[in-house]
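Below you'll find the structure, written out as structure tokens, and then a few comments.
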Amino acid sequence: MAEPALSSTESTSRLAWVTGASRGIGYAVARALAADGWVVAVSARNAADLETLARECGELKGEVRPYPLDITDAFAVSRTFAAIEADLGNVGLAILNAGTHEPVDGRSFAIAPFRRLMEVNYMGAVNCLAPVVEHFVARGTGRIAVVASLAGYRGLPTASAYGASKAALINMCEALHPELDAVGVILSVVTPGFVRTQLTDKNSFPMPFLINADTAARRIVRGLKDDRFEITFPRRFAFLMKLFRVLPYRIFFAFTRRIRPMLPKIGGGTPTSRSNLS
Ligand SMILES: NC(=O)c1ccc[n+]([C@@H]2O[C@H](COP(=O)([O-])OP(=O)(O)OC[C@H]3O[C@@H](n4cnc5c(N)ncnc54)[C@H](OP(=O)(O)O)[C@@H]3O)[C@@H](O)[C@H]2O)c1
């Protein structure tokens with residue numbers, strides 16, 4: 001049986017823009033789209049890795065075209081988006097996937113990682129949304145997927161900076177969805193669990209329900225084939241995280257206190273007990 005079309009934008013454009021495509025999930029998504037016949041403009045800072053991806057996709061049905069970019073530079077993002085459309089035509093699908101992670105220990109609190117992660121994960125996506133939304137709204141069509149994380153659903157140990165940036169993305173997408181939907185632009189938020197990439201190589205604790213980047217890419221591309229707002233996987237981990245969202249803090253913290261001993265020790269001192277706070 002033939003695969004269903006990639007949502008309502010398929011009839012208007014088979015040109016996709018994928019950010020964070022030099023490795024990991026973005027790389028696998030770009031390959032999967034090119035295998036499906038899409039022309040894929042790919043962005044990340046590392047131009048050489050993007051060229052490698054383009055070469056590796058040379059035999060596929062579609063085509064990959066590199067557009068190196070640092071998404072924290074809003075002017076460069078606008079210029080790059082304009083260059084993609086001038087070279088290749090109207091973008092129909094934007095997958096805003098670029099992001100990074102820095103585990104932090106709240107006991108040695110520092111401002112810098114919070115600023116860095118908001119700048120890349122949140123403001124980077126906002127910088128990309130600016131030209132995408134402007135053009136898609138003007139045309140009354142287009143499909144956007146913003147890659148957040150299940151870590152944005154609830155605050156988890158060592159992920160206070162990362163989780164906050166992803167929670168901000170989820171909230172922003174929830175707010176934007178009906179507004180864009182009213183003018184024919186479909187917005188989805190992607191919330192993966194643990195995926196084995198360079199990003200999760202920084203985690204030295206056991207990662208439940210870990211999947212590889214090709215599986216994640218398949219789930220994303222499959223999720224884009226219908227017009228669902230939320231594309232989340234793996235299903236069992238997503239269910240658990242959603243359950244955590246509705247649990248009272250007393251039960252939720254009983255769980256996060258239990259996983260704390262599995263986490264790496266960063267810095268000295270022992271965690272503050274509840275008794276010495278009173
Ligand atoms: N892996 C997971 O378990 C997991 C789970 C949930 C959500 N996610 C999210 O999925 C996305 C991809 O993660 P991943 O695991 O594939 O990570 P990854 O392997 O570290 O890849 C991150 C990608 O983002 C690009 N990037 C980082 N900073 C950038 C910047 N300032 N400008 C442009 N590109 C930038 C990187 O390329 P350059 O370094 O070349 O710029 C790279 O292509 C991220 O948003 C991440 O938060 C990952």
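As the structure is a computational prediction, the values presented were derived from the model and not from experiment. Both ligands and their constituent atoms are indexed starting at 1 by order of listing.
- The CG atom of Leu129 sits 5.0 Å away from atom CE of Met172, with the distance rounded to the nearest 0.5 Å.
- Residues Val133 and Phe75 do not share a hydrophobic cluster, clusters being chains of Ile/Leu/Val/Met/Phe/Trp/Tyr side chains in contact below 4.5 Å.
- Taking every heavy atom of Gly99 and a limit of under 4.0 angstrom, the matching atoms of ligand 1 come to 22 (C), 24 (O), 27 (C), 44 (C), 45 (O).
- With rounding to the nearest 0.5 Å, the separation of NE2 in His101 from CG in Leu199 is 6.0 Å.
- Taking the centre and axis of the six-membered ring of Phe252, the NZ or CZ atom of Arg154 falls inside the cone set by 45° and 6.0 Å.
- Residues Val132 and Ile95 are members of separate hydrophobic clusters, defined by side-chain heavy-atom contacts under 4.5 angstrom among Ile, Leu, Val, Met, Phe, Trp and Tyr.
- Side-chain contact annotation: Asp49 with Thr52, donor-acceptor N/O pair under 3.5 Å absent.
- Placement of Ile71 and Leu187 within a single hydrophobic cluster is found when ILVMFWY residues are connected by side-chain heavy-atom separations under 4.5 Å, directly or transitively.
- Ligand 1 is never approached by His101 to a heavy-atom distance shorter than 4.0 Å.
- Only backbone heavy atoms of Ala148 (N, CA, C or O) come within less than 4.0 Å of ligand 1; its side chain stays farther off.
- Residue Lys166 places at least one N or O, backbone or side chain, under 3.5 Å from an N or O of ligand 1.
- Note on ligand 1: Ala216 sits outside its first shell, no heavy atom being nearer than 4.0 Å.
- Residues Leu96 and Thr19 have side chains in contact (heavy-atom distance under 4.5 Å, counting atoms from C-beta outward).
- For the pair Ser165 (side chain) and Tyr122 (backbone), a donor-acceptor distance under 3.5 Å is absent.
- Atom 32 (N) of ligand 1 has its closest protein heavy atom at Ile71 N, 3.0 Å.
- Judged purely by atom type and a 3.5 angstrom limit, Lys166 has no side-chain atom pairing as donor or acceptor with the backbone of Tyr153.
- Residue-ligand proximity, Ser22 to ligand 1, at heavy-atom distances under 4.0 Å covers atoms 36 (C), 37 (O), 38 (P), 40 (O), 42 (C), 43 (O).
- Between Val120 and ligand 1, a contact under 3.5 Å exists for no N or O pair.
- Here Leu150 contributes atom CG and Leu240 contributes atom CG; the two are 10.0 Å apart, rounded to the nearest 0.5 Å.
- Of all atoms in ligand 1, numbered sequentially from 1 with element shown, those under 4.0 Å from a heavy atom of Ala21 are 43 (O).
- Among Leu53, Val42, Asn97, the residue whose heavy atom lies closest to atom 11 (C) of ligand 1 is Asn97.
- Interatomic distance, CG of Asn121 versus OG of Ser149, reported as 9.5 Å (0.5 Å rounding).
- Listed for the Asn203 side chain is no donor-acceptor partner under 3.5 Å among the backbone atoms of Phe205.
- Ligand-side atoms of ligand 1 in range of Gly24: 16 (O), 19 (O), range being under 4.0 angstrom from any heavy atom.
- At under 3.5 Å, a nitrogen or oxygen of Thr197, whether backbone or side chain, sits near a nitrogen or oxygen of ligand 1.
- With rounding to the nearest 0.5 Å, the separation of CZ in Arg143 from CZ in Phe136 is 10.5 Å.
- Residue Asn46 has at least one heavy-atom neighbour below 4.0 Å for each of these atoms of ligand 1: 40 (O).
- Ala98 CB, 3.8 Å is the protein heavy atom nearest to atom 35 (C) of ligand 1.
- Nearest non-hydrogen protein atom to atom 1 (N) of ligand 1 is Val195 O, 3.0 Å.
- Residue-to-ligand polar distances keep Gly26 apart from ligand 1: every N/O pair is separated by 3.5 Å or more.
- Backbone and side-chain nitrogen or oxygen atoms of Phe194 are examined, and none is located within less than 3.5 angstrom of a nitrogen or oxygen of ligand 1.
- Here the heavy atom of the protein found nearest to atom 29 (C) of ligand 1 is Arg45 NE, 3.6 Å.
- For Val147, the heavy-atom gap to ligand 1 drops under 4.0 angstrom.
- Thr197 places no side-chain N or O within 3.5 Å of a backbone atom of Gly24 that could act as its donor or acceptor partner.
- For atom 4 (C) of ligand 1, the nearest protein heavy atom (residue, atom name, distance) is Gly193 O, 3.9 Å.
- Closest to atom 13 (O) of ligand 1 among all protein heavy atoms lies Leu199 CD1, 3.8 Å.
- Looking at ligand 1, you won't find any N or O of Leu150 less than 3.5 Å from one of its N or O atoms.
- By the 3.5 Å distance cut-off applied to N or O atoms, Thr200 is not counted among the residues near ligand 1.
- Atoms of ligand 1 found under 4.0 Å from any heavy atom of Tyr162 (numbered from 1 in listed order, with element): 6 (C), 7 (C), 8 (N), 9 (C), 46 (C), 47 (O), 48 (C).
- Applying the 4.0 Å criterion to heavy atoms of Asp70 picks out, from ligand 1, the atoms 30 (C), 31 (N), 32 (N).
- Among all protein heavy atoms, the one lying closest to atom 25 (C) of ligand 1 is Gly20 CA, 3.6 Å.
- In this structure, Thr72 and Arg45 have side chains that are not in contact, with every pair of non-hydrogen atoms separated by 4.5 Å or more.
- Here the protein heavy atom with the shortest distance to atom 33 (C) of ligand 1 is Leu69 O, 3.2 Å.
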